[in-house]
J.: 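Quick one: structure below, then a few questions.
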Amino acid sequence: GAGLLLRDMPQAKVVVHHKGAKYMANPAKLMAGMIAALGEETLVTWGEMVPIEWHRLQAIQDNDTIKLSDGQVLRFIDAPGHAPHELCIYESRSSGVFTGDAAGAYVNGILVPVTPLPDFDLELSINTLRRLIKLNATTIYFSHFGTSDKVQELLQLNIDRLQLWGDMVVRAAMDNELDSVGERMVAQVFSGLDAAREMESLIENFIKDVILGNAAGYVKYYQEKLGR
């Protein structure tokens, strides 16, 4: 991604969470973690990361700002939960918030939390979403995919779904059925959709794949939390 782009953008810098800067400069450990979580095939899909020189990185802390103009200031929000190095960005001109993966994926009007391996944390995710709600933003910009003006509704829906999935994982663990929790989560999401709603198979498969990956993140979280 960024490392490749910088080859053709000699004046550009990369703004990155302060916890992630060292991995942009030396991505070997990050690549190893990605392969451990997703398998060697992920290199075929996403390729390898190109290191970025330190002088081209701008490490960001919570509440740091970048002024683009008199009417446009970007405020950075530390947003752990999905990952410890997650950032959201509040932009002042339109009162909008770029949520990265902290507020999930919004696919064809369907909100799906994103809770992958290796660092998902349920409590931190919910705390981040509650902080985003307090911004009273009027527009939410999803990295995946699109925008919505239903900011408060979608952020609260994300919290509700995270909590519901957490309960499902706990019940599955008690029943010794963690292997099936991914399918339960998929069924829960699709059961709430309008039966008459048409959906392209590509979108349906994307949503299912995300949710199955989410299940792995939940299982690891609860296993570490409960010491199992």
J.: Apply the hydrophobic cluster definition, ILVMFWY joined by side-chain contacts under 4.5 Å directly or through others, and give me every member besides V50.
T.: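 L4, which link up through side-chain heavy atoms under 4.5 Å apart, make up the rest of the cluster.
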J.: Roughly how far, to the nearest 0.5 Å, is the OG atom of S95 from the CG atom of D149?
T.: 12.0 Å
J.: Taking C-beta and beyond as the side chain, do V14 and R56 meet within less than 4.5 Å on heavy atoms?
T.: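 When only atoms from C-beta onward are counted, R56 and V14 do not touch, as no gap falls below 4.5 Å.
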J.: Can you name the residues that form a salt bridge (Lys or Arg N to Asp or Glu O under 4.0 Å) with K19, not counting sequence neighbours?
T.: none
J.: For L154 and S148, which heavy atoms make the closest approach, and how far apart are they?
T.: CD1-OG, 3.5 Å
J.: If the condition is side chain to side chain contact (heavy atoms under 4.5 Å, CB included), which residues does A25 pass it with, not counting sequence neighbours?
T.: W54, L57
J.: Would M49 and V15 show up in the same hydrophobic cluster when neighbours are defined by side-chain heavy atoms closer than 4.5 Å?
T.: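 No, M49 and V15 fall in different hydrophobic clusters.
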J.: Using side-chain heavy atoms (C-beta onward) and a distance below 4.5 Å, is V16 in contact with Q58?
T.: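 A side-chain contact under 4.5 Å is absent here.
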J.: Name each donor-acceptor pair under 3.5 Å that joins a side chain in residues 117-124 to protein atoms two or more places apart or in another chain, with its distance.
T.:
{"from": "D121", "atom 1": "OD1", "to": "E123", "atom 2": "N", "distance (Å)": "3.1"}
{"from": "D121", "atom 1": "OD1", "to": "L124", "atom 2": "N", "distance (Å)": "3.0"}
{"from": "E123", "atom 1": "OE2", "to": "K225", "atom 2": "NZ", "distance (Å)": "2.9"}

J.: For residues N127 and R130, determine if any side-chain heavy atom of one lies less than 4.5 Å from a side-chain heavy atom of the other.
T.: yes
J.: At their closest point, which heavy atom of D101 faces which heavy atom of H144, and how far apart are they?
T.: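 Between these two residues, the closest heavy atoms are OD1-CD2, 3.1 Å.
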J.: Side-chain contact test, heavy atoms from C-beta onward, threshold under 4.5 Å: evaluate it for F190 versus K208 and give yes or no.
T.: yes
J.: Can you name the residues that form a ring pair (Phe, Tyr, Trp, His ring centres under 6.0 Å) with F206, not counting sequence neighbours?
T.: F145
J.: Is it possible for you to say whether I133 and Y106 belong to one hydrophobic cluster, with membership spreading through side-chain heavy-atom contacts below 4.5 Å?
T.: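 The answer is yes; both residues are in one hydrophobic cluster.
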J.: Can you list everything that forms a side chain to side chain donor-acceptor pair (under 3.5 Å) with R131? Sequence neighbours excluded, please.
T.: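 Residues passing side chain to side chain donor-acceptor pair (under 3.5 Å) with R131: D62.
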J.: Is it possible for you to say whether F142 and I211 belong to one hydrophobic cluster, with membership spreading through side-chain heavy-atom contacts below 4.5 Å?
T.: yes
J.: Could you state the interatomic distance from CD1 (I52) to OH (Y23), rounded to the nearest 0.5 Å?
T.: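 One finds 15.0 Å between CD1 of I52 and OH of Y23.
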J.: Check A59 against H18 and note the closest heavy-atom contact, atom names and distance.
T.: CB-CA, 4.0 Å
J.: Stepwise, does the side-chain contact (heavy atoms from CB on, under 4.5 Å) test hold for H82 with T115?
T.: CA-CA 6 Å; H82 165 81; T115 66; over 6 Å; no
J.: List the atom of P80, the atom of P84, and the distance in Å for their closest heavy-atom pair.
T.: CB-CA, 4.4 Å
J.: Quick check: do S94 and T138 have side-chain heavy atoms less than 4.5 Å from each other?
T.: no
J.: Enumerate donor-acceptor pairs with a distance under 3.5 Å from any side-chain N or O in residues 159-170 to protein atoms, sequence neighbours excluded.
T.:
{"from": "D160", "atom 1": "OD1", "to": "Q156", "atom 2": "NE2", "distance (Å)": "2.9"}
{"from": "R161", "atom 1": "NH1", "to": "L111", "atom 2": "O", "distance (Å)": "2.7"}
{"from": "W165", "atom 1": "NE1", "to": "Q188", "atom 2": "OE1", "distance (Å)": "3.0"}

J.: Does a side-chain heavy-atom distance below 4.5 Å link T139 with V97?
T.: no
J.: Check the pair K150 / I140 against side-chain contact (heavy atoms from CB on, under 4.5 Å), numbers first and verdict last.
T.: CA-CA 8 Å; K150 299 177 181 179; I140 186 169; over 6 Å; no
J.: Are L135 and L87 grouped together when hydrophobic residues (ILVMFWY) are joined by side-chain heavy atoms under 4.5 angstrom apart?
T.: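 Unlinked, L135 and L87 end up in two clusters.
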J.: Can you name the closest pair of heavy atoms from A102 and T128 and give their distance?
T.: CB-CG2, 4.1 Å
J.: Output every pair passing salt bridge (charged side-chain N to carboxylate O under 4.0 Å, His left out) with a member in residues 171-181, not counting sequence neighbours, ordered by first then second residue.
T.: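 Only E177-R184 qualify under salt bridge (charged side-chain N to carboxylate O under 4.0 Å, His left out).
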J.: Which residue pairs pass the salt bridge (charged side-chain N to carboxylate O under 4.0 Å, His left out) test with at least one member in residues 212-222, sequence neighbours excluded?
T.: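 Pairs touching residues 212-222 that pass the test: K220-E224.
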J.: Please name all residues satisfying side chain to side chain contact (heavy atoms under 4.5 Å, CB included) with A215, sequence neighbours left out, ordered by chain then number.
T.: V181, M185
J.: Taking the side chain as everything from C-beta on, heavy atoms only, tell me whether V112 gets closer than 4.5 Å to N214.
T.: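 A side-chain contact exists here, since the closest heavy-atom pair is under 4.5 Å.
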J.: So which atom in L155 and which in A103 form the shortest heavy-atom distance, rounded to 0.1 Å?
T.: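 Shortest heavy-atom separation between L155 and A103 comes out as CD2-CB, 3.8 Å.
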J.: Tell me which donor-acceptor pairs under 3.5 Å the side chains of residues 64-78 have, and how far apart each pair is, sequence neighbours excluded?
T.:
{"from": "D64", "atom 1": "OD2", "to": "Q61", "atom 2": "N", "distance (Å)": "2.8"}
{"from": "K67", "atom 1": "NZ", "to": "D70", "atom 2": "OD1", "distance (Å)": "3.2"}
{"from": "S69", "atom 1": "OG", "to": "G71", "atom 2": "N", "distance (Å)": "3.3"}
{"from": "S69", "atom 1": "OG", "to": "Q72", "atom 2": "N", "distance (Å)": "3.2"}
{"from": "Q72", "atom 1": "OE1", "to": "S92", "atom 2": "N", "distance (Å)": "3.4"}
{"from": "Q72", "atom 1": "OE1", "to": "R93", "atom 2": "N", "distance (Å)": "3.1"}
{"from": "Q72", "atom 1": "NE2", "to": "E91", "atom 2": "OE1", "distance (Å)": "3.3"}
{"from": "R75", "atom 1": "NH1", "to": "N63", "atom 2": "OD1", "distance (Å)": "3.0"}
{"from": "D78", "atom 1": "OD1", "to": "H17", "atom 2": "NE2", "distance (Å)": "2.7"}

J.: Tell me every residue that passes ring pair (Phe, Tyr, Trp, His ring centres under 6.0 Å) with Y90, counting only those two or more places apart in sequence or in another chain.
T.: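 Result, ring pair (Phe, Tyr, Trp, His ring centres under 6.0 Å) vs Y90: none returned.
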J.: Using the rule that two of Ile, Leu, Val, Met, Phe, Trp, Tyr join whenever any of their side-chain heavy atoms come within less than 4.5 Å, decide whether Y141 and L132 are in one cluster.
T.: no
